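First comes the structure, then the notes that go with it.
Every value quoted in this text rests on a predicted model; they were computed, and no experiment measured them. Excluded from the calculations below are hydrogen atoms, water molecules and symmetry mates; all remaining heavy atoms, backbone and side chain alike, are included. Here is how names work: the chains are called A, B, and so on, in the same order as the sequence lines, proteins then strands, and each is numbered from 1.
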Amino acid sequence: MENTLLAIPQGIILGGAYGAIALGLSVIFGVTRVINFAQGSMLMASCFLYYVLYENYGIDPYIGIIAVAPIMFLFGYAVQKFLVKPLIIRERASVIEPTSVMMMTIGFDFALMYLFMMIFGASYRTIKTTASGIVVKTADGMFTTTLSRIIALIAGLVLAFALWFIFNKTELGTKIRAVAQNRTAAGLCGVDVFKSYSIAFGLGVAALAVSGACLLQFLYAQPNMGTMFGVKSFMIVVLGGLGSIPGALIGGVIFGVVETVGAQLITGTAATMLSFVLFIIVLVVKPTGLFGKK
Amino acid sequence: MLKVNNLCAGYEGLEIDHNISIEVGEKQIVAIVGANGVGKSTLLKAITGQIKLMGGNVEFNGEDLSNLPSHKVMRKGVVLVPEGRQLFPMLTVDENLNVGSSTKENRKNRRENKEKIYEMFPVLKERSKQKAGTLSGGEQQMVATSRALMGNPKLLIMDEPSWGLAPILVTEMFEAIKDIRDNGTSILIVEQNVQKTLEIADKAYVIEQGTVVMEGKGSELLLDEDLKKAYLGM
Ligand SMILES: Nc1ncnc2c1ncn2[C@@H]1O[C@H](COP(=O)(O)OP(=O)(O)OP(=O)(O)O)[C@@H](O)[C@H]1O
Ligand SMILES: [Mg+2]
């Protein structure tokens, strides 16, 4: 029983990290209506960038964010500009969620994964950072975790707040929301619709890069790592409501708790299966997700 | 200032508008009238870069606007109030106006423009923090017109601004249109309310099945027997 209770904070912390990854997907979908299935590999790519910075220059991933987040922003910006946009234009006539874009992102996911496999091989790479070595305990010593995991949770919250702020409190955000609501009208108002798409895509991928810095502190970098995170973040976003920023975070926490608590009560495998069942139930019962509108 | 020459446009290979030529001069109100589905909105979509031209060209103050994307056409000073308002429903009235004036140039006199708009439509000031989607039809039309005015149009194009408005509001809307023209903005207007439109129009075009079948001064067309029969039920 005690172990079960202790699994809850563990699950929340894990869920915060999941949620942070899902945020990127949610932001991109919310604006462009594109589900970026390359999300997982983009996370993986940023983890490798941190790994390279750490191995070669001893730069802690937290510091590395200064370089990697802007790089990943530009990467996302370019992917939308040179790959997504032409497909949207071609399908523009009637569709709002072009299927060719979805298929392209799936192909892109694999291309990126095999590119990193080619360069780095399939081995698991971990780094020993300061934060991962610091153990945090409650006063009674019942609950222990590492500072890096706590930072991951906080980073998820900060990231969600930052994105919320950009979208709701800035001029750029107002324009991007206008594009999301009615892109024809936004164009007629003088807003460059595809530039807004690129910025949203860039922001989503940059958000991933921030999560990557937190994850590498206690996880590994490996070319396949994105697959699991990609699928999970997709489920989390559907659970929370596609396009909803708090939905992504809360969806992540629900997932994290189901997984860790489930692992205590039943087995890890059963818990993971349970989380997929939960996803299917939500999709059938409330297709807009817990926080989705319309 | 606006010259549309032999414009052809349509959807997915189906041509709707054939060889349409129209012209709008400085400080003019120019009207386009015609029955439902003859291709009036299609023409406006083609001018404002929402659909590709299938032929002809669009010129504005000597510059070629043909096939520019919507945001570039807008930045040249040609601003459309689209059919059915097309507001950003989840943004507040104030945010809708901000998006209408979001280009670098238009941000400069955003405040003065808002003051002018609140003078013209005082109710919008009260509603400024309300989500546009929750407004009444008449109020939404005011927001749509205001949002376009925030973009400092040289030419304001309006697609059925009186659609869905109560009679008293229709009269107000036509007064507002005259005011806008008197302040120096040219207007190209598509309207179902043929009587009122021709009364204020300097020039009008009648479109049938995608081609211009008649053109003339608004006051002259009002006296035309065929036109009276077809559009005014007289
Ligand atoms: N997006 C579209 N795709 C295909 N056909 C369209 C599309 N929009 C309009 N049409 C067709 O083009 C024709 C002209 O439509 P348009 O909207 O230009 O008419 P309109 O003159 O503005 O009519 P109304 O007075 O009813 O607004 C119609 O037959 C319509 O069905
Ligand atoms: Mg129309």
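- Between A/Phe37 and A/Phe234, the angle of the ring planes lies from 30° to 60°, which puts this pair in the tilted group.
- Counting heavy-atom pairs under 4.5 Å between each of B/Pro69, B/Pro89, B/Ser101, B/Pro82 and chain A puts B/Pro89 at the top.
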Report the C-alpha distance between B/Leu2 and B/Glu59 in whole Å, list the side-chain angles of each, state the deciding distance to 0.1 Å, and finish with yes or no for side-chain contact (heavy atoms from CB on, under 4.5 Å). CA-CA 6 Å; B/Leu2 179 78; B/Glu59 226 177 89; over 6 Å; no
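- Side-chain atoms of B/Lys72 and B/Ser70 form no donor-acceptor pair, as typed in the model, at a separation below 3.5 Å.
- The shortest non-hydrogen separation linking A/Thr32 to A/Ile28 is OG1-O, 2.7 Å.
- Neither the backbone nor the side chain of B/Arg85 comes within contact range of chain A; no heavy atom of the residue lies under 4.5 Å from a heavy atom of that chain.
- Top candidate by heavy-atom pairs under 4.5 Å with chain A, chosen from B/Val73, B/Asn98, B/Thr103, B/Leu91, is B/Leu91.
- Of the listed residues A/Gly187, A/Gly190, A/Ala180, A/Ala185, the one with more heavy-atom pairs under 4.5 angstrom with chain B than any other is A/Gly190.
- At least one test fails for A/Arg183 against the ring of A/Tyr197: distance under 6.0 Å to the centre or angle within 45° of the axis.
- Evaluation of the ring pair (Phe, Tyr, Trp, His ring centres under 6.0 Å) test over residues 101-151 of chain B, restricted to residues two or more places apart or in two chains, returns none.
- Interface with chain B: from residues 172-179 of chain A, residues A/Thr174, A/Lys175, A/Arg177, A/Ala178 qualify, criterion being any non-hydrogen pair under 4.5 Å.
- Top candidate by heavy-atom pairs under 4.5 Å with chain B, chosen from A/Val193, A/Leu188, A/Thr184, is A/Leu188.
- Taking the six-membered ring for Trp and thresholds of 30 and 60 degrees, A/Phe75 and A/Phe108 have ring planes inclined between 30 and 60 degrees apart.
- Between the side chains of B/Tyr11 and B/Thr42, a donor-acceptor pair is found at a separation under 3.5 Å.
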